[in-house]
Amino acid sequence: MSEIAAPPNEASGPRRTLIERLRDNDLLASFLKSKVTVAAGIVTVILFAAALLAPWIAPTDPFNPATNYLSDSLDPPSFVAGGDPRFLLGTDDQGRDMLSAILYGLRVSLGIGLCSVALGAAIGVSLGLIAGYAGGWTDSAIMRIADVQLTFPAILIALLLDGVAHALLKPASRGESAFAVLVLSIGLSFWVQYARTVRASTMVEKNRDYVLAARLIGLSHARILISHILPNVMGPVLVIATINLALAVITEATLSFLGVGLPPTQPSLGTLIRIGQNYLFSGEWWIVTFPSLTLAALVLAVNLLGDWLRDALNPRLK
Amino acid sequence: MTGPLLSVLDLRVEFATRKGPLTALDGVAFDIAPGEVLGVVGESGAGKSLTGLAVIGLIDPPGRIAGGEIRLNGERIDNLPPARMRSIRGGRIGVIFQDPLTSLNPLMRIGDQLAETIQAHKRLGRRQAREQALAWLGEVGIPSPEKRIDGYPHEFSGGMRQRVVIALALCAEPELVIADEPTTALDVSVQAQIITLLKNLTRRHGAAVMLITHDMGVIAETADRVAVMYAGAIAEIGEVHEIIRHPLHPYTQGLMAAIPTLEARASRLAQIPGSMPRLSAIPRGCAFAPRCPRVFDRCAERPPLIAVGGRGAACWLYERGSGAADIRH
Amino acid sequence: MIAFILRRLVASVGVLIAVGLIAFVMFRYVGDPVNQMVGIETSAQERAELRHQLGLDQPVIVQAARFLLNAARFDFGVSYQFKQPVADLIGARMPATLELALVASILSLAAGVPMGVYAALRRDSALASLLQALSLIGISLPTFLIGILLIYLFAVVLRWLPSFGRGDVVRIGSWWTTGLLTVSGLKSLIMPSITLALFQMTLIMRLVRAEMLEVMRSDYIRFARARGLSERTVHFRHALKNTLVPVITVVGLQLGSIVAFSIITETVFAWPGMGQLFLQSIQNADIPIMAAYLLMIATLFVIINLVTDLIYVAVDPRLRVHINRA
């Protein structure tokens, strides 16, 4: 029998360096291929960093009443005629520095966004795992609730939960609890998508050999769910979470804009835009413009990243 | 006697990939005479379907025809403008794909799908087209065609659907029918019926057939000549019975030996060691060399299709004067 | 088939009752209805009388049943803030919202579907790439930002269009008012309807494009081409029809959410519709209005879902077999 000459291939070559492996990595390649995606990535990183470092890089603390003077209110940006050099982007009607307000607003917006995504994912993934694994009544019940909730747009649910929470809380404490209420409302309005996806994957996984083997050796259901099934169903969750982040930020901004989100004493970007709209006609354009641009940039960048991630992880488009 | 109906010369098909172009078909060449049935046989990935797609110009990007010629009755059809190519598809070359369920538009009645095909190639009014559609349904053996002509594809069984597909392929009266694995998706019991139907209909309407399949049994029953493909090129081509009885190319010999027979008693099925290389890993020289029991140093160079009698074999063993040819096995 | 419709109807009613019960719980237990309705000076005895009058001392089940029955007759109680029947308040504002929603829906369909088809068929053209980019913006930007942008451009800078209100309206019949018959009414309608439609429009466009690209890759399209059918036939007779079928479901559901998004648009443009009323009710903890709005939206959604399901079954013949067998 003649020797079969092995054709030269990657496995038999010398070990490649990390750089070479990164270069050949499909995911990284598709990321770098699109300039738009790279730009989106950079913008996202910048905005996240700005939000994180806000307390340290903001020129003033906009929430300290002692440092805000009403005489400074409604100053235009420093690069426009009549502007005060202390306030790069101008001041609002309370005399707060816009740049600082935007930085803190970004921080709070992203904070709520991330927390609500985490909450929604936690609830959704848990319920999805349980529904998929247990089947039967539990599954039907959970899915029925999910279906009912899905017939309504998330914003409506968030609004409703927000309203009920406000009605339940005393007016005085509404300001402090705004953050928690928003996280709860938005998070609860988004769990369904996670639950559905995870449930579908769980139903596939629970019949696989490794799960049957784990059951045979007597592992508890909880242990199987968490250590074995969960890691295998997490893939799509990441994509959903990225897209959800943009949606959560938009929802929070919308709620704040509508006046049922964060109050002016602790404004998010949405609240600032709400304030700014009142000054649109009287000429103080900067109060609405800069927060709008920041919000738009954040949401666009995160959405672009989410789009790329979804395409990159979709096996059918390869 | 005019020349061949279809003539494929040195066909090369490439796929553009990130790492450079990948050659999927390398120098495929064959003829089909009018009314002849040419079988194209080979493993999955050998390039059989791709050859059929190339002939009708339906290779999806990033694939493309990178070289060679395809001629229908002497005229080139591989470089035609889209409008001319459209009239050839269906009108002069008909196609049958593998899965009848997905080949038919699920939201459209089959009578309408037939009628629109007929009208696309012949100048007929709606009523006449519908009558012809009805006639074709009868010809392919659909019982009670008047009742079923307004049915939807999912209301038919697999075998019935493939009959409809055959009707669709033939209703514009093409001269050549390319059948790409026409029975693979069907039940075994139905396969024989469909093949017989195809054979009879094409003979009745004088159409040649390019029958692509991996089932050697179907080829033996139906084809006049057969081309054996391997790794994107033709390994051997010739009359069906000669190739079955006296295969020349070592690959074909391996294939024939692997078919179990009722008489011979063997404890194990004969196998060709190794497997066909993937497109991206086709070795230089003869593609079959790594697995060939008769490989020798000439095989480091790619063999062309060498004429041996009335047949062709892409193997250096048959190079004139090589002395190593041994037709008996 | 009839069984299918009946089953869906029963399910819909079930959902409505479920939502109704949630609304009831809100109505009855969030805050105290009596305390909300009376002043501080009202004596305890008067409160007790009021409680009895409203039937608040009855068993919960009776109260729930009464609530649901009243709701079915469009009696939603009295608003805390305005001290008027909720039904009247909502009714006065409904035409404004419905008109806006309808115009926006038609706009989003009329623009979204053709753009999506174009983007799929000419996917390598410059216009298609532009549409894809713009659609990402349309889907990303929050509705209120778009509204503000439009206001800034067309009302502040160009001064072409009014930035708030509905303009002059004409009363039709005893209840409906329309802004479509006056110039100022039409002008006022332009920006809000575009704002409201934009999200839906881009959603539809992206969906149609994605579906059509998927359909164009299918075997039956390949077979249609292999039969020599013209590109026009392939695109519009085969691909388009098959594209629109799954799109119907999504579009149907989305159209319902236009009504929800109208809350935002009405706020931006000070449009005197139900959404504004609802928002005020949230800010002021006016539970009766909140409960009524919830029920109304639920009914609307349930109806839309039902109709969408029925249309889907009517259009896709494969489902009829499935249903008859099930």
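All values derive from a computational prediction rather than experimental measurement. Order of the sequence lines fixes the chain letters, A, B, ..., with proteins taken first and strands second; residue numbering starts at 1 for each chain.
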*So does B:Arg76 have more than 12 non-hydrogen atoms from other groups sitting under 6.0 Å from CZ?*
yes
_Residue C:Arg232 excluded, over 12 heavy atoms near CZ under 6.0 Å_ = no
Side chain, backbone, both or neither: which part of [X] has an atom under 4.5 Å from a heavy atom of chain C?
X	answer
B:Ser87	neither
B:Leu168	both
B:Ile178	neither

From [X] atom [atom1] to [Y] atom [atom2], the distance as rounded to the nearest 0.5 Å:
X	Y	atom1	atom2	value
B:Thr102	C:Phe223	OG1	CZ	10.5 Å
C:Ser230	B:Glu116	OG	CD	9.0 Å
B:Gln113	C:Arg237	CD	CZ	9.0 Å
C:Arg227	B:Thr117	CZ	OG1	3.5 Å

*If every non-hydrogen atom of B:Phe97 is compared with every non-hydrogen atom of C:Ala226, which pair is closest and at what distance?*
CE1-CB, 4.0 Å
*Identify the heavy atoms of B:Ala120 and C:Gly228 that sit nearest to each other, and give their distance.*
CB-O, 4.4 Å
*asked:* I need the residue from B:Val165, B:Leu107, B:Val95 with the largest number of non-hydrogen atom pairs under 4.5 Å to chain C.
replied: B:Leu107
*With side chains defined as the heavy atoms from C-beta onward, is the minimum distance between C:Asn242 and B:Pro106 less than 4.5 Å?*
yes
*asked:* Quick check for you: among C:Glu231, C:Arg222, C:Arg225, which has the greatest number of heavy-atom pairs under 4.5 Å with chain B?
replied: C:Arg222
